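Accompanying notes for the structure given below.
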There are 2 protein chains.
Amino acid sequence: MSQHRHPGAPGRAGAVPALPDLPEATVARLPEYLRALHALADTGHETVSSEGLASAAGVNSAKLRKDLSHLGSYGTRGVGYDVTLLIEQIESVLGLTQCRSVALVGVGNLGHALAGYDGFASRGFRIAALLDADPSRVGEEINGLVVRHVDDLPRVAVEESISIGVIATPAPAAQAVADQLVAVGVTSILNFAPCVLSVPEGVDVRKVDLAIELQILSFHEHRKASLTALPGGLAATDTQEAIGT
Amino acid sequence: MSQHRHPGAPGRAGAVPALPDLPEATVARLPEYLRALHALADTGHETVSSEGLASAAGVNSAKLRKDLSHLGSYGTRGVGYDVTLLIEQIESVLGLTQCRSVALVGVGNLGHALAGYDGFASRGFRIAALLDADPSRVGEEINGLVVRHVDDLPRVAVEESISIGVIATPAPAAQAVADQLVAVGVTSILNFAPCVLSVPEGVDVRKVDLAIELQILSFHEHRKASLTALPGGLAATDTQEAIGT
DNA sequence: TGATGTGAAATACTTCACAGCC
DNA sequence: GGCTGTGAAGTATTTCACATCA
């Protein structure tokens, strides 16, 4: 899934938390575990078994245990995991103990929706700035934030100590915006524009493309249709899938 | 990435296109190739090498060739791939030769944005119905479509021959909506609500959770910060990553 | 006893490297 | 000569199955 591979944290034996070198696939699932754990905590659960948490997160329990074992996480044999403790562990590994500031570039249709999405704030992200290249949009107030011109980025980045950039512009503008983000020191970008971004080493880009998701569903739909059309075909044997990343 | 595995199309030797049994990872990349191919076609390219297409799609060329070889696709050695032909092949495999109708449930913040997103129409999907459970939203017109009550789903599904359901409701409502979609025969669901859906076998669910993407970026950001903080640490060696699906 | 943590096996995916064809 | 298609090698991930421990 990813061309990622981080070298293990070198030397310094014994000191500090020591950032375990997690498999990408595990990292991609931790947020889901976290969400499930918060839901459990909200309903008064103090401990949970790997089986219970796994089903709440939509994975199988062996995978969950293996994932958590990478954190060096302590469950209690015969009992399960302490919900509060596990939340703290995962948040610490994901770097969510500090609130991260996000700059959102492009306040069109999708940008508006993202600016108003409360799922960010509730998970420790603060949309700290809205930017757009279109002068007619600059000055507009959305959700208590005033849209600024994208050329203000250098100032904004410093003022708000931006940690993550989100690109919600049309595809043709996306690369230029990415370049601007990189220029002001942003090293993590979430890209909603349907195009490939080229960025220097050390910058992480994740891409979300809504149309791609539909096309993947279309493939399975297409296949199911042709299978059931076959006379001898047994019924489809699919089970739920999720986006892995 | 997926608990998916389809049995190979049985018997019927010799007949029809014969749906090759593609690896999930390949399926997830085909839409990206398709996008890149359309861009190439728009700029007048008639053929493209695996190297050229790969870089336009953000993957390496060996992976691209392997992926295309699964389609049984014909490139020409020494030349490359015929752009138009390859577009047709991929569209046919993904089942995009017919326009698919989408029902979007939940017209809050995100739902509004999705309803207005033109990336769907341009890739062969038609938002055929908008639904919401909130009576105060029913009747509202968005982008030329009137919002209907979610209880109208059975009628709507038949009238518009809905092929894919998109859930953009708050998490607590999502499971009920999924059940309603399944009840009217929808077998492909794209879920934007931050929760796990349980659905019967044969129904495909893909999930997009914007907060999860940010949390994954947060992890890498966190790690980069602690690596550069270490005195002896070599510079980070990341390269771009993308969502796999 | 009952659930975690984990080697080892199985599977999936990626990359290499080159034969084969245009 | 250049580029595709692909076996084989290498990696990553998932799953199994059970030793281990509260």
Side-chain angles (χ1 to χ4, degrees), chain A residues 1-8 20-30 32-33 45-83 85-86 89 239-245, chain B residues 1-8 20-30 32-33 45-83 85-86 89 239-245:
Chain A
M1 161 175 294
S2 161
Q3 287 99 306
H4 237 77
R5 199 80 310 264
H6 297 275
D21 191 0
L22 303 175
E24 253 321 287
T26 296
V27 172
R29 282 185 296 264
L30 289 179
E32 191 66 48
Y33 301 157
H45 295 73
E46 294 189 353
T47 63
V48 63
S49 67
S50 65
E51 198 66 57
L53 180 53
S55 85
V59 303
N60 75 38
S61 62
K63 197 186 286 184
L64 177 94
R65 287 200 302 279
K66 179 74 82 176
D67 282 342
L68 294 186
S69 78
H70 284 121
L71 310 186
S73 165
Y74 291 358
T76 311
R77 291 173 201 237
V79 179
Y81 301 92
D82 180 288
V83 172
L85 187 69
L86 197 48
Q89 286 231 13
T239 50
Q240 178 167 0
E241 72 171 25
I243 293 182
T245 158
Chain B
M1 161 175 296
S2 161
Q3 287 98 307
H4 238 77
R5 200 79 313 260
H6 296 275
D21 190 0
L22 302 176
E24 256 316 291
T26 296
V27 173
R29 281 187 296 265
L30 290 179
E32 192 66 48
Y33 301 156
H45 294 73
E46 294 191 353
T47 64
V48 63
S49 67
S50 65
E51 198 66 55
L53 181 53
S55 84
V59 303
N60 75 39
S61 62
K63 198 187 284 183
L64 176 95
R65 286 200 302 278
K66 179 76 76 172
D67 282 342
L68 294 186
S69 79
H70 284 121
L71 309 187
S73 165
Y74 289 0
T76 311
R77 292 172 200 234
V79 179
Y81 300 92
D82 180 288
V83 172
L85 187 70
L86 196 48
Q89 286 231 14
T239 51
Q240 178 167 0
E241 71 172 25
I243 292 181
T245 98

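Chain naming here is simple, since letters A, B, ... match the order of the sequence lines and numbering starts at 1 in each. In this text the structure is predicted, and so the values were computed from the model without any measurement.
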Once you round it to whole Å, what is the distance between [atom2] of [N] and [atom1] of [X]?
X: A/Leu86; N: C/dT4; atom1: CG; atom2: P; value: 11 Å
X: A/Asp67; N: D/dA12; atom1: CG; atom2: P; value: 16 Å
X: A/Asp21; N: D/dA12; atom1: CG; atom2: C1'; value: 13 Å
X: A/Leu85; N: C/dT4; atom1: CG; atom2: C1'; value: 15 Å
X: B/Glu24; N: C/dT11; atom1: CD; atom2: P; value: 18 Å
X: B/Tyr81; N: D/dG2; atom1: OH; atom2: C1'; value: 13 Å
X: A/Asp82; N: C/dT4; atom1: CG; atom2: C1'; value: 15 Å
X: A/Leu64; N: C/dG5; atom1: CG; atom2: P; value: 10 Å

Distance (rounded to the nearest 0.5 Å) between [X] [atom1] and [Y] [atom2]:
X: A/Thr47; Y: A/Leu86; atom1: OG1; atom2: CG; value: 11.5 Å
X: A/Tyr33; Y: A/Gln89; atom1: OH; atom2: CD; value: 14.5 Å
X: B/Leu68; Y: B/Ser61; atom1: CG; atom2: OG; value: 11.0 Å

Name the nucleic acid region contacted by B/Gly75, choosing base, sugar-phosphate or nothing; use a 4.0 angstrom heavy-atom cut-off, strictly under.
sugar-phosphate
Of C/dC13, C/dT14, C/dC16, the nucleotide closest to the side chain of B/Lys63 is C/dT14
Candidates D/dT14, C/dT6, D/dG5 - which lies nearest the side chain of B/Ser69:
D/dG5
Select from A/Arg77 and A/Arg65 the residue whose nearest nucleotide in DNA chain D is closer to the 5' end of that strand.
A/Arg65
Select from B/Val48 and A/Thr76 the residue whose nearest nucleotide in DNA chain D is closer to the 5' end of that strand.
B/Val48
Comparing A/Ser49 and A/Lys66 on DNA chain C - which has the more 5′ nearest nucleotide
A/Ser49
Side chains of B/Glu46 and B/Val83: closer than 4.5 Å at any heavy-atom pair?
no
Establish, with yes or no, whether the OP1 or OP2 oxygen of [N] is under 4.0 angstrom from a side-chain nitrogen or oxygen of [X].
X: B/Ser50; N: D/dC3; answer: no
X: A/Asn60; N: D/dT15; answer: yes
X: B/Tyr74; N: D/dC3; answer: no

Just by modelled atom types, is the B/Gly52 backbone N or O under 3.5 Å from a matching donor or acceptor in the B/Ser49 side chain?
yes
